[in-house]
Amino acid sequence: MGANVSNQLDSLSAEEADQLKMLTNFSPKEIQSCYVDFIKESDNGLMDKTKFETFWGKYLSFGIYTQFSYHLFRSFDFNNDGFINFREFICGLSMSMRGSADEKLTWAFNMYDVNKDGTITLEEMFETMRAVYAINGVTEPEQLKFGKEAFEGLDEDGDGRLTVAEFIKGVKSDKRLINFLERPFDIKPADGKKV
C-alpha cells in the first residue's frame with residue numbers, strides 16, 4: 001500500500017460503493033477491486049499524472065506513452081485540479097470502457113478538448129490524434145490528413161470549433177470514426193479477469 005495511505009482507505013463504505021454503482025457500469029465487487037488497486041498506487045487516495053502513468057502502464061497492453069498519458073489523464077481529471085481521485089477514476093473508466101455510445105463519445109470529446117473550453121479546434125484534434133496514433137505507429141502525414149478530413153466532416157456549421165453535439169452526431173455518422181473512438185482499451189488486469 002502507498003506510504004501515506006491510512007487504514008481507513010483500505011475499503012469503500014457500503015454507501016460509497018452503492019453511490020458508485022449507480023454512477024458507473026461496474027458491480028460493487030468490481031468497484032471494490034478497482035479501489036484496492038487504485039489506493040495501493042495513490043497517495044492518500046489521489047494520483048498525479050506520474051502516478052497515473054505508472055498505474056495505467058501495468059494494465060494497458062500497449063504501454064503508456066507520455067504524449068497519450070497526458071490526454072488520458074486530462075479525460076479522467078473531471079474537476080481539472082491536477083489529481084485524480086477514485087470517484088473520477090472509476091467514472092472515467094466506466095465511461096470509456098463500459099459506457100453507452102454517447103457516454104464513450106462524450107469521454108472521447110473531453111480527451112480531445114485539450115483546453116477544456118467545451119469545444120475542439122483543429123489544432124486540439126491534431127494534438128490528440130498524434131498521441132493516439134503514435135501508439136499504433138501511424139505516420140504524421142497520415143494523421144494530419146485524416147484529422148483534417150474528420151474535423152471538416154464533423155464541423156457542421158464551419159466555425160472551426162466542434163461542440164460536443166457536433167462531435168457525437170458526426171462520429172455516429174462516420175463508421176471509421178465510431179470504430180476508432182469506441183473501441184475499448186486492451187486492458188490486462190493483474191488478476192487476469194476481463195475489465
Side-chain angles (χ1 to χ4, degrees), residues 2 20 23-26 30-31 33-43 45-138 140 143 146-147 150-151 162 164 167-168 171 177-190 194-195:
L20 292 174
L23 292 172
T24 68
N25 296 306
F26 292 111
E30 290 170 318
I31 292 167
S33 177
C34 284
Y35 182 78
V36 169
D37 288 345
F38 182 88
I39 291 302
K40 284 179 185 174
E41 300 295 329
S42 70
D43 286 326
L46 296 174
M47 283 189 189
D48 62 13
K49 184 179 168 293
T50 303
K51 287 214 175 273
F52 185 75
E53 284 176 7
T54 302
F55 182 69
W56 269 107
K58 295 176 184 178
Y59 293 92
L60 295 176
S61 64
F62 54 76
I64 192 96
Y65 296 86
T66 302
Q67 206 178 7
F68 177 70
S69 70
Y70 164 73
H71 298 291
L72 188 61
F73 181 83
R74 278 187 314 89
S75 72
F76 278 71
D77 184 14
F78 293 110
N79 65 2
N80 203 26
D81 67 354
F83 295 94
I84 296 173
N85 63 36
F86 182 70
R87 181 178 292 259
E88 289 172 314
F89 174 75
I90 199 73
C91 289
L93 190 63
S94 178
M95 287 176 72
S96 63
M97 301 291 299
R98 294 192 178 171
S100 66
D102 283 357
E103 288 172 328
K104 287 180 180 181
L105 291 173
T106 299
W107 176 81
F109 178 88
N110 289 331
M111 188 165 72
Y112 280 82
D113 181 12
V114 175
N115 66 5
K116 293 193 173 197
D117 69 351
T119 63
I120 300 171
T121 63
L122 182 58
E123 292 76 25
E124 287 174 312
M125 181 171 272
F126 281 170
E127 180 181 333
T128 308
M129 288 181 87
R130 281 183 186 106
V132 171
Y133 281 138
I135 294 166
N136 298 312
V138 176
E140 188 159 314
Q143 295 172 27
F146 178 71
F151 188 88
L162 301 178
V164 70
F167 184 81
I168 290 173
V171 170
L177 292 174
I178 195 73
N179 288 338
F180 173 72
L181 291 173
E182 222 188 4
R183 72 173 187 231
F185 292 118
D186 186 10
I187 303 287
K188 54 177 184 180
K194 187 177 178 184
V195 174

Would you say F78 and N85 make side-chain contact, with heavy atoms under 4.5 Å? no

Which class fits the ring pair F52 and F89: parallel under 30°, tilted 30 to 60°, perpendicular over 60°? perpendicular

Within a strict 4.5 Å, meaning less than it, do heavy atoms of the Y35 and L20 side chains meet? no

With rounding to the nearest 0.5 angstrom, report the CE to CD1 distance, M97 to I90. 10.5 Å

Kindly say whether C91 contributes a backbone atom to a donor-acceptor pair with the side chain of S94 at under 3.5 angstrom? no

Nearest-0.5 Å distance, CG of residue N115 to CG of residue N80: 10.0 Å

For K104 and G99, the nearest pair of non-hydrogen atoms, with its separation, is CE-O, 3.3 Å

Minimal non-hydrogen separation, S69 against E53, with atom names: OG-OE2, 2.7 Å

Pair H71-M111, side-chain contact (heavy atoms from CB on, under 4.5 Å): steps then yes or no: CA-CA 6 Å; H71 298 291; M111 188 165 72; 3.7 Å; yes

Would you list the pairs meeting salt bridge (Lys or Arg N to Asp or Glu O under 4.0 Å) in which at least one residue belongs to residues 112-126, sequence neighbours left out? D117-R161

Over 60° means perpendicular and under 30° means parallel, so classify the ring planes of F167 and Y112, tilted if in between. tilted

Please tell me if the side chains of S96 and F76 come closer than 4.5 Å, counting only heavy atoms from C-beta onward. yes

Which heavy atom in F73 sits nearest to a heavy atom in D48, and how many Å separate them? CE1-C, 3.5 Å

Heavy-atom side-chain contact between C34 and F38 under 4.5 Å: no

Considering only residues two or more places apart or on different chains, which pairs with a residue in residues 74-87 satisfy salt bridge (Lys or Arg N to Asp or Glu O under 4.0 Å)? none

Give the minimum heavy-atom separation between V114 and Y70, together with the two atoms involved. CG1-OH, 3.8 Å

Search all heavy atoms of L72 against all heavy atoms of W107 and return the closest pair with its distance. CD1-CZ2, 3.6 Å

Between E88 and N79 (side chain of the first, backbone of the second, donor and acceptor by atom type, cut-off under 3.5 Å), is there such a pair? yes

Non-hydrogen side-chain atoms of L162 and M125 separated by less than 4.5 Å: yes

Evaluation steps, side-chain contact (heavy atoms from CB on, under 4.5 Å), between T24 and E30: CA-CA 11 Å; T24 68; E30 290 170 318; over 6 Å; no

